[in-house]
Amino acid sequence: MESEDSTRSLNFIEQKIEADIAAGKHSGQVHTRFPPEPNGYLHIGHAKAICVSFGLAQKYGGKTNLRFDDTNPEKESVEYVNAIREDIAWLGFEWNGGEFYTSDYFQQLFDFACKLIGKGLAYVDDQSAEQIASQKGAPGTPGTNSPFRERTPEENLRLFEEMKAGQCQEGERVLRAKIDMGHDNMLLRDPVIYRVKFVEHHRTGNDWVIYPMYDFAHGQSDSIERISHSLCSLEFENHRPLYNWFIRALDIYPSEQTEFARLNLNYTIMSKRKLLRLVEEGVVDGWDDPRMPTISGLRRRGYTPESIRLFADRIGVAKRNNTIDVSLLEWSLRDDLNRRAPRVMAVLNPIRLVVLNYPEGQTEMLITVNNPEDEAAGTREIPFGRVLWIEADDFRVDVNKKWFRLAPGRMVRLKSAYIVEYVDHIEDEHGNVTEVHVNYIPNSRSGQDTSGVKPKGTLHWVAADQAEEAEVRLYDRLFREASPEADGDFMDALNPNSLKILKGCKVEPSLSTAEVGTIFQFTRLGYFNLDSKYSTPGSPVFNRAVTLKDGWKG
RNA sequence: UCCCCGAUGGUGUAAUGGUAACACACCGGUUUUUGGUGCCGUUUUUCCAGGUUCGAGUCCUGGUCGGGGAACCA
């Protein structure tokens, strides 16, 4: 897919990989990993990271591991593990290197820590978190050594064993790497690498009461799995020296970390904590609300895996911070769906259209193509009769020359059917048009039109007698501000009109057998799919994934 | 205040010392039984100052601006 143009330029990671392969580094193999913490749902930002790590391994004939980075049992759960697995698989990636858990390595990591202690490179500190923090110093100001820094390896080993055995309270003691309290990089000022937590872990239960910190787990896990290219986001740049320090001190497989810029999208928030707030405060209908940037939300909305991969491909990979326009995401979906979504007709805001010169009680079946972009999609039959539903927006009384739709004195084509000409219309007491009367031109039938009439506008429609009722949900962006987090509370930037529910919509009869997962183009309206949560047999609910691009400026 | 990273149209990404290009967005034209799609085109770009070089977006020096960095989170 992405290799169809082999002359395409490489991003900086591809360049590094190709240089590594050429130099025979890591035996010329590419082995990546995707390491989520199972403490929340994956979002479109993760999708980029997934496409990068899995995609690069794929491109270079390598493998990718899925590794759950589960070193903090307080926040993690099996529910998240399962959701993450489902989302990655749905995106179309296979963790062909295997599925792993950092918690699988708890014993090995413990042994690594003992090795460090033995080399005099780690010590048990009895101070409180506050004391340790105050000794850190500040950027530009060196820290001060802990009074426990010079304990002997024997004493440290004994105390560390005690920590492991549950003989220390939480916060009583920690294990720290012994590096340099004056280092320019704050992370190297004797970082805490093990802490006591009497918390049940979703996989190891109560086997452990000490848990390794991220920095003491991640690089070593990469190394254990013989990951060649460990790709992560820019925020970990400052961790790389530590990552390398542990690998060198332990003398283990030299995995290498490379950082790239994470995805930012305008009109969107990406922070797990803030997304959680939307869910908890009921602003949205769960993690998979179709307005959420989560993968499950995008899926329910009608996004396809292909469109998300295409998007990831288009935004590229680099080291500078970026904010991508959501319109690129939307374009990716349209581009994918335009090629393969079956076209159907649906009327969202129906008014009656009566064809006065069409025989009462008569119905005829008309042939229409399923997808003009794809001949192989074939054709289907749709019923036509004297009374139809058309869109209220498609009729107006006062119009100018840029109006192509129906109006007094105007003719329009009914899609795949006949050309009709305005006769008169009925308004209710508020002046709203409720019914339009037309005559049809019998020899203007689609495909066998000998009328010679060329109306500018084509309307979608549904035969009233055969129409099915449906609910349709129209979504708009969740935030009205391009940068919802820029100033003040992001909750203030919420778009109050992000969801509009339409009831009593009329859809063509073929939609009665629609299934979740098939995404349709409602002609002239956009792409829609059956909502996986609220649809029931007999009362379908459709989500609008994205509108069609609207070139009409009238 | 110290360390790390970055800076190319409106937004992203390329150009690997040799004509600044591609996509999205925007605007216009054209095709069209979807005001969709397709096709064609317009507009808009190398942070600043020096230096090296026949030649600098690219290399060097200095600056400016932006991002990240001190959790017993990942």
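Naming: A, B, ... by sequence-line order, numbering from 1 per chain.
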- Message: I need the CG-P distance between A:Asn266 and B:rG12, as an integer number of Å.
- Response: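 Atom CG in A:Asn266 sits about 9 Å away from atom P in B:rG12.
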
- Message: Can you work out whether A:Thr141 or A:Arg413 has the more 5'-proximal nearest nucleotide on RNA chain B?
- Response: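 Nearer the 5' end of the strand: A:Thr141.
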
Sugar-phosphate only, base, or nothing, as touched by [X] at under 4.0 Å among non-hydrogen atoms:
X	answer
A:Ser128	base
A:His239	base
A:Asn238	base
A:Asp69	sugar-phosphate
A:Arg405	base
A:Glu259	nothing
A:Gly137	base

- Message: Taking the C1' atom in each of B:rC3 and B:rU11, what is the distance between them to the nearest angstrom?
- Response: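 It comes out at 31 Å once rounded to the nearest Å.
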
- Distance between C1' atoms of B:rU46 and B:rG29 (Å, rounded):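 My reading of the C1' atoms in B:rU46 and B:rG29 gives 31 Å.
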
- Query: Looking at the side chain of A:Ser327, which of B:rA25, B:rC2, B:rU33 is the nearest nucleotide?
  - Reply: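 Among B:rA25, B:rC2, B:rU33, the one nearest the side chain of A:Ser327 is B:rA25.
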
- Message: What's the closest nucleotide to the side chain of A:Leu548 if the choices are B:rG36, B:rG67, B:rC72?
- Response: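 Nearest to the side-chain atoms of A:Leu548, counting from C-beta on, is B:rG36.
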
- Please examine the side chains of A:Arg33 and A:Phe100, heavy atoms only from C-beta on, and report whether any two atoms are closer than 4.5 Å.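 A side-chain contact is absent here, since even the closest heavy-atom pair is not under 4.5 Å.
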
- Determine whether A:Phe106 and A:Pro212 make a side-chain contact, defined as any pair of heavy atoms from C-beta on separated by less than 4.5 Å.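 The answer is yes; the side chains approach within 4.5 Å.
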
- Short side-chain to backbone donor-acceptor contact, A:Glu170 and A:Phe198, under 3.5 Å: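 Yes, the answer is positive, given that a donor and an acceptor are paired below the 3.5 Å cut-off.
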
- When you measure from every atom of RNA chain B, which of residues 39-52 of chain A have a heavy atom less than 4.0 Å away?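 Close to the strand, none.
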
